Novice: 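Quick one: this structure, given as structure tokens, is what I'll be asking you about.
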2 protein chains.
Amino acid sequence: MAFTLDTVDKKILNILQKDARITTKALAEKLGLTTTPIFERIRRLEKNGVIHKYVCLLNPKHIDRKLTVFISISIKNHGVTYVGSFIKEMEAVPDVMEIYHIGGNYDFLVKVMMRDMEAYQKFVLNKLSNIGNIDHIQSSFVLSNDKFTTAFELSLTNP
Amino acid sequence: MAFTLDTVDKKILNILQKDARITTKALAEKLGLTTTPIFERIRRLEKNGVIHKYVCLLNPKHIDRKLTVFISISIKNHGVTYVGSFIKEMEAVPDVMEIYHIGGNYDFLVKVMMRDMEAYQKFVLNKLSNIGNIDHIQSSFVLSNDKFTTAFELSLTNP
DNA sequence: CGTGAAAGTTGTAATCA
DNA sequence: TGATTACAACTTTCACG
């Protein structure tokens, strides 16, 4: 689980995180190598699990998902089985993009993305209200998403 | 900006959102078509901006980013220029993955991912404290990330 | 670890239904 | 729109430094 990534690995990952479609040939040229080492390094990073998956990101506005809401949720019963089934139920909801178990005033932070306010209202009334163990919720509506990146900046200087 | 996606488009997007590396040939076989229509549909979706980009997702734990923190921030001056420069400054910080302008008790919700608590402390002391216009912050530490997906479920039945 | 070349698959465009 | 064909480009493997 502790992998040592050298400078070349990090350079590959920094590029692949921004453009997963780049060819190994183009990558090789950028890094001053031939395709073989690039190809084998990428395969190693995939087998290692460092590279988790390749995805395409859609523009939410173009597929009618203009509303993002962060829901802070506190639950009643904090036992493992109760928390576990709460998570299972939330996970299964398609519009729920992210679920974080957090420490602080609330127990969970949940990000949902949907068409509009009307869809959100239906979600709260039909889905959320049917999920057990919820004590209190607070919705934070997103006015604008000013940064969203899935790419980590892997530093080439410090370890 | 209003694009009509038919069933085939949606099927393509649903698959590409989970596996951006699939070949057009494999995609074609899955959908019972030949490569040409798949290739041209994907190109159209890219040109449209429906497909925003292709990225690879890394496993945060494998690259030493074990701590996620959501920071709720309220600011002092809510004028456009002040808010604008606050966003610019935050955007530039590498460990800041997401910035949301929200309505409610706080003005912004910011997601940061870093090595550990010590790194977070340094971030607060050296970065956050140097950013102007901040009134109050509240950190929510993530205990576990129970769901994280970038893929929207495009329904094939209802529009 | 890297290079270079060879073989097998794809991406991509032109043409026709 | 989609199928067929065809070629350039890429992926992937292998023998060698």
Side-chain angles (χ1 to χ4, degrees), chain A residues 1-59 62-64 150-151 154-159, chain B residues 1-59 62-64 150-151 154-159:
Chain A
M1 182 125 154
F3 309 114
T4 35
L5 305 175
D6 67 10
T7 309
V8 178
D9 289 327
K10 288 176 186 168
K11 282 180 183 170
I12 292 173
L13 292 174
N14 279 337
I15 294 171
L16 241 33
Q17 283 185 99
K18 289 177 194 148
D19 175 16
R21 273 270 174 118
I22 190 172
T23 63
T24 54
K25 195 190 172 193
L27 207 39
E29 279 162 11
K30 273 199 179 192
L31 304 185
L33 288 168
T34 49
T35 60
T36 311
I38 303 296
F39 176 76
E40 279 169 359
R41 278 166 181 272
I42 292 174
R43 180 157 57 182
R44 211 195 73 233
L45 292 164
E46 289 167 352
K47 294 264 186 275
N48 276 347
V50 173
I51 293 179
H52 176 234
K53 65 195 308 194
Y54 299 91
V55 302
C56 92
L57 302 181
L58 306 188
N59 187 331
H62 290 200
I63 52 164
D64 212 33
T150 55
L154 302 184
S155 168
L156 305 176
T157 54
N158 56 295
Chain B
M1 183 127 154
F3 309 112
T4 34
L5 306 175
D6 66 11
T7 310
V8 178
D9 290 327
K10 290 177 186 169
K11 282 181 182 171
I12 291 174
L13 292 173
N14 279 337
I15 294 171
L16 242 31
Q17 284 185 98
K18 289 178 193 148
D19 175 16
R21 274 273 176 111
I22 190 171
T23 62
T24 54
K25 194 189 171 193
L27 207 38
E29 280 164 10
K30 271 198 179 194
L31 304 185
L33 288 167
T34 52
T35 61
T36 311
I38 302 295
F39 175 74
E40 278 169 0
R41 279 166 180 270
I42 291 175
R43 180 157 58 184
R44 211 195 73 231
L45 292 165
E46 290 167 352
K47 294 264 184 277
N48 274 347
V50 174
I51 292 180
H52 176 234
K53 66 194 307 198
Y54 298 90
V55 301
C56 91
L57 302 181
L58 307 187
N59 187 332
H62 286 19
I63 53 163
D64 212 31
T150 54
L154 303 185
S155 168
L156 306 177
T157 53
N158 56 296

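Since the model is a prediction, treat every value here as computed from it, not as a measurement. Lettering follows sequence order; numbering is per chain, from 1.
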Novice: Report the residue (A:Asp6 or B:Thr24) whose heavy-atom-nearest nucleotide on DNA chain C is the more 5′ of the two.
Specialist: A:Asp6
Novice: So do A:Ile38 and A:Lys30 actually touch side chain to side chain, heavy atoms under 4.5 Å?
Specialist: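 A:Lys30 vs A:Ile38: side chains apart.
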Novice: Kindly compute the distance separating CD (B:Glu40) from CG (B:Leu45), expressed to the nearest 0.5 Å.
Specialist: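 These two atoms lie 12.0 Å from each other.
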Novice: Expressed in angstrom and rounded to an integer, what is the separation of A:Tyr54 atom OH from D:dT11 atom P?
Specialist: 11 Å
Novice: To the nearest angstrom, how far is B:Ile22 atom CD1 from C:dG11 atom P?
Specialist: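 Going from CD1 in B:Ile22 over to P in C:dG11 covers 10 Å.
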Novice: Which pair of non-hydrogen atoms, one from B:Lys18 and one from A:Lys53, has the smallest distance, and what is that distance?
Specialist: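 Here B:Lys18 and A:Lys53 meet closest at O-CE, 3.6 Å.
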Novice: Would you jot down, in residue-number order, the residues of residues 43-52 of chain B having a non-hydrogen atom under 4.0 Å from DNA chain C?
Specialist: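 Residues of residues 43-52 of chain B under 4.0 Å from DNA chain C: B:Arg43.
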Novice: CG of A:Leu33 to CD1 of A:Ile12: how many Å apart, nearest 0.5 Å?
Specialist: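 The distance works out to 8.0 Å.
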Novice: So which of residues 32-39 of chain A are in contact with DNA chain C, with a heavy-atom cut-off of under 4.0 Å?
Specialist: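 Listed by number, they are A:Leu33, A:Thr34, A:Thr36, A:Pro37.
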Novice: What I'd like to find out is whether the side chain of B:His62 reaches to under 4.5 Å of the side chain of A:Leu5, using heavy atoms alone.
Specialist: no
Novice: Output the distance between atom OG1 (A:Thr34) and atom NZ (A:Lys25), rounded to the nearest 0.5 Å.
Specialist: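 The NZ atom of A:Lys25 is 12.5 Å from OG1 of A:Thr34, to the nearest 0.5 Å.
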Novice: B:Arg21 CZ to C:dT9 P: how many Å, rounded?
Specialist: 18 Å
Novice: Kindly indicate whether the side chain of A:Asn59, heavy atoms from C-beta on, has any atom under 4.5 Å from the side chain of B:Asn48.
Specialist: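 They are not in side-chain contact.
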Novice: For DNA chain C, what are the stems built from at least three Watson-Crick or G-U pairs in a row, each pair having both distances below 3.5 Å?
Specialist: C:3-17 with D:1-15
Novice: Need to verify one output field. Residue with the more 5' nearest nucleotide on DNA chain D, A:Lys25 or A:Glu40?
Specialist: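 Here A:Lys25 is the residue nearer the 5' end.
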Novice: Specify the closest pair of heavy atoms between B:Arg41 and B:Asp6, including all atoms of both residues, with the distance to one decimal.
Specialist: NH1-OD1, 2.9 Å
Novice: Using whole Å, what does the distance between atom P of nucleotide C:dC1 and atom CD1 of A:Ile42 come to?
Specialist: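 Atom CD1 in A:Ile42 sits about 16 Å away from atom P in C:dC1.
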Novice: Would you mind reporting whether A:Leu58 and B:Ile51 have side-chain heavy atoms less than 4.5 Å apart?
Specialist: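 They are in side-chain contact.
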Novice: Give me the one residue out of A:Leu154, A:Leu156, A:Leu31, A:Thr157 that meets side chain to side chain contact (heavy atoms under 4.5 Å, CB included) with A:Thr7.
Specialist: A:Leu156
Novice: Measure the spacing between CG of A:Asp19 and CG of A:Asn14 and express it to the nearest 0.5 Å.
Specialist: 13.0 Å
Novice: Could you state the CD-C1' distance from B:Glu29 to D:dA3, rounded to the nearest angstrom?
Specialist: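 One finds 15 Å between C1' of D:dA3 and CD of B:Glu29, rounded.
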Novice: Answer with base, sugar-phosphate or nothing: what part of the nucleic acid does A:Arg41 contact at a heavy-atom distance below 4.0 Å?
Specialist: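 Sugar-phosphate, no base atom in range.
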